[in-house]
Amino acid sequence: MLRPLYLAASNLDSTMLRCRNFRVKMSSDAASPSTESRVVLGCGMSTIDFLATVDAYPKPDDKVRTTSFKIQGGGNAANALTCAARLGLKPKLISKVSDDAQGEGILKELEADGVDTSFLVVSKDASSTISYVLVDNQTKTRTCISTLGDPPMMPTDLSQSILLSAFDEARLVYFDGTSTETALFLAQEAARNNIPILVEAESEKEGLDELLGLADYVVCSTRFPQAWTQAPSIPSALVSVLLRLPNIKFVIVTLGEDGCIMLERSITESSDIEERDVDNVIESLYREKDDSLIIPTCISSTVTKLRTEGIGTVCGRLFVGTAEKIPAWELIDTTGAGDAFIGAILYAICANMSPEKMLPFACQVVAAKCRALGARTGLPHHNDPRLAPFIS
């Protein structure tokens with residue numbers, strides 16, 4: 001049984017975030033999204049994963065035997081929406097598969113988990129995307145090799161009628177950063193319809209800058225913020241992201257076993273707010289961390305003018321979310337951990353969770369996922385007792 005969630009005491013009041021032409025309330029006492037807030041639309045990759053575990057990663061010309069093997073659906077967007085569906089949302093997925101055996105398997109698995117696949121494009125006489133994933137039992141790492149499907153998804157694959165019904169009732173639109181030409185086309189439609197947008201920024205690629213320019217929320221991989229901004233540290237890179245992207249309400253960077261860091265923009269700024277160096281603020285938050293706690297936690301700053309020399313200043317709050325300390329014998333596979341995190345963030349936004357609740361919740365979902373082989377096997381459902389401190 002999980003102990004009660006530890007929350008930073010600095011500020012548990014509701015925070016109002018202004019989005020284009022409407023307001024989104026992130027409330028500290030929300031548990032489940034309302035019926036009308038459960039629909040999310042995602043666009044991105046769907047694959048079939050061939051997962052093999054080995055005692056140690058092979059050297060060149062080695063022959064090794066697997067210790068276990070699984071064939072399972074994969075792909076960033078498909079995994080994240082599977083996670084969101086199990087948590088209780090009603091996801092719709094725009095992606096592309098072929099009419100081959102792999103494509104059939106992708107569709108069946110998504111439908112079984114409650115993901116609406118009626119917006120997937122099915123190509124005739126083509127190939128679906130395949131990923132080969134080698135999981136190293138010794139280092140607890142995974143290596144992925146992907147064969148992209150052909151032909152790729154393009155905006156011309158989507159008719160006007162598909163677009164109209166796909167956006168219908170959508171509370172949030174998510175893009176995994178792939179198929180950027182199609183994603184940008186869809187994001188422009190979402191922005192015109194005042195639907196909030198979450199973009200996953202895993203690595204730099206053509207078209208991603210334009211997509212980020214339309215985003216309301218961004219979730220980054222560990223390496224992306226500094227690579228994209230050339231900032232000297234992750235906290236300073238997050239400040240740079242908010243300065244470069246004025247529509248962004250918050251940006252999160254995932255840090256694997258070290259949890260995550262979030263920077264939330266403040267919509268009000270007064271002259272008496274203290275100005276501090278962002279790296280000093282993050283160091284002070286890490287000093288507050290209680291290393292004796294096993295479950296995910298969150299430590300937050302007050303609203304502060306966060307300064308980075310040579311970059312600028314942004315007014316906001318910093319949050320440090322810690323990961324669950326998983327015993328070595330329980331950690332099986334990190335494949336899809338970032339996708340699980342994003343699926344949980346999608347749910348948290350729809351449920352109006354406060355950041356203090358959202359970050360530990362997402363890290364708890366990731367911890368459950370990492371206890372089983374594959375991106376989806378360990379994804380928890382809404383009624384999982386491990387999620388009881390967060391959702392009802």
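Starting from 1, each residue takes its place in the sequence as its number.
- The hydrophobic cluster around Y57 extends to V54, V64, L134, counting ILVMFWY residues whose side-chain heavy atoms fall within less than 4.5 Å of a member.
- A salt bridge between E189 and R192 is present, with a side-chain N of the basic residue lying under 4.0 Å from a carboxylate O of the acidic one.
- For the pair E109 (side chain) and G73 (backbone), a donor-acceptor distance under 3.5 Å is present.
- Between K96 and D157 a salt bridge is recorded (basic side-chain N to carboxylate O distance below 4.0 Å).
- Relative orientation of the Y132 and F50 rings is parallel, given thresholds of 30° and 60° on the angle between their planes.
- Between the side chains of T304 and E275, no donor N or O sits under 3.5 Å from an acceptor N or O.
- Checking T67 against T53 by side-chain atom types alone, a donor-acceptor pair falls below 3.5 Å.
- Ion pairing between E309 and R307 holds under the 4.0 Å rule for side-chain N and carboxylate O.
- With contacts defined as side-chain heavy-atom distances shorter than 4.5 Å, the pair T322/L293 does not qualify.
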message = Checking I94 against L158 for the side chain to side chain contact (heavy atoms under 4.5 Å, CB included) test, could you report, in this order, the C-alpha distance in whole Å, the side-chain angles of both residues, the deciding distance, and whether it holds?
response = CA-CA 9 Å; I94 293 178; L158 307 172; 3.9 Å; yes
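- Ion pairing between a basic and an acidic side chain is recognised when a charged N comes within 4.0 Å of a carboxylate O; R317 and E356 show such pairing.
- Ion pairing of R38 with E169 is absent here, as no side-chain N (NZ or NE/NH1/NH2) approaches a carboxylate O to less than 4.0 Å.
- Using a 4.5 Å heavy-atom threshold, the side chains of F361 and Y347 count as touching.
- Residues D49 and T47 have side chains that bring a donor and an acceptor to within less than 3.5 angstrom of each other.
- At a cut-off of 3.5 Å, with distance as the only test, a side-chain donor of E202 or N76 sits close to an acceptor on the other residue.
- Salt bridge annotation for R86-D113: present, with a cationic side-chain nitrogen under 4.0 angstrom from a carboxylate oxygen.
- Within the cation-pi definition used here (under 6.0 Å to the ring centroid, within 45° of the axis), R223 does not qualify as a partner of W228.
- Contact between D279 and S233 at its shortest, heavy atoms only, is OD1-OG, 2.7 Å.
- Between the CG atom in L359 and the CD1 atom in I345 there is a gap of 6.0 Å [rounded to 0.5 Å].
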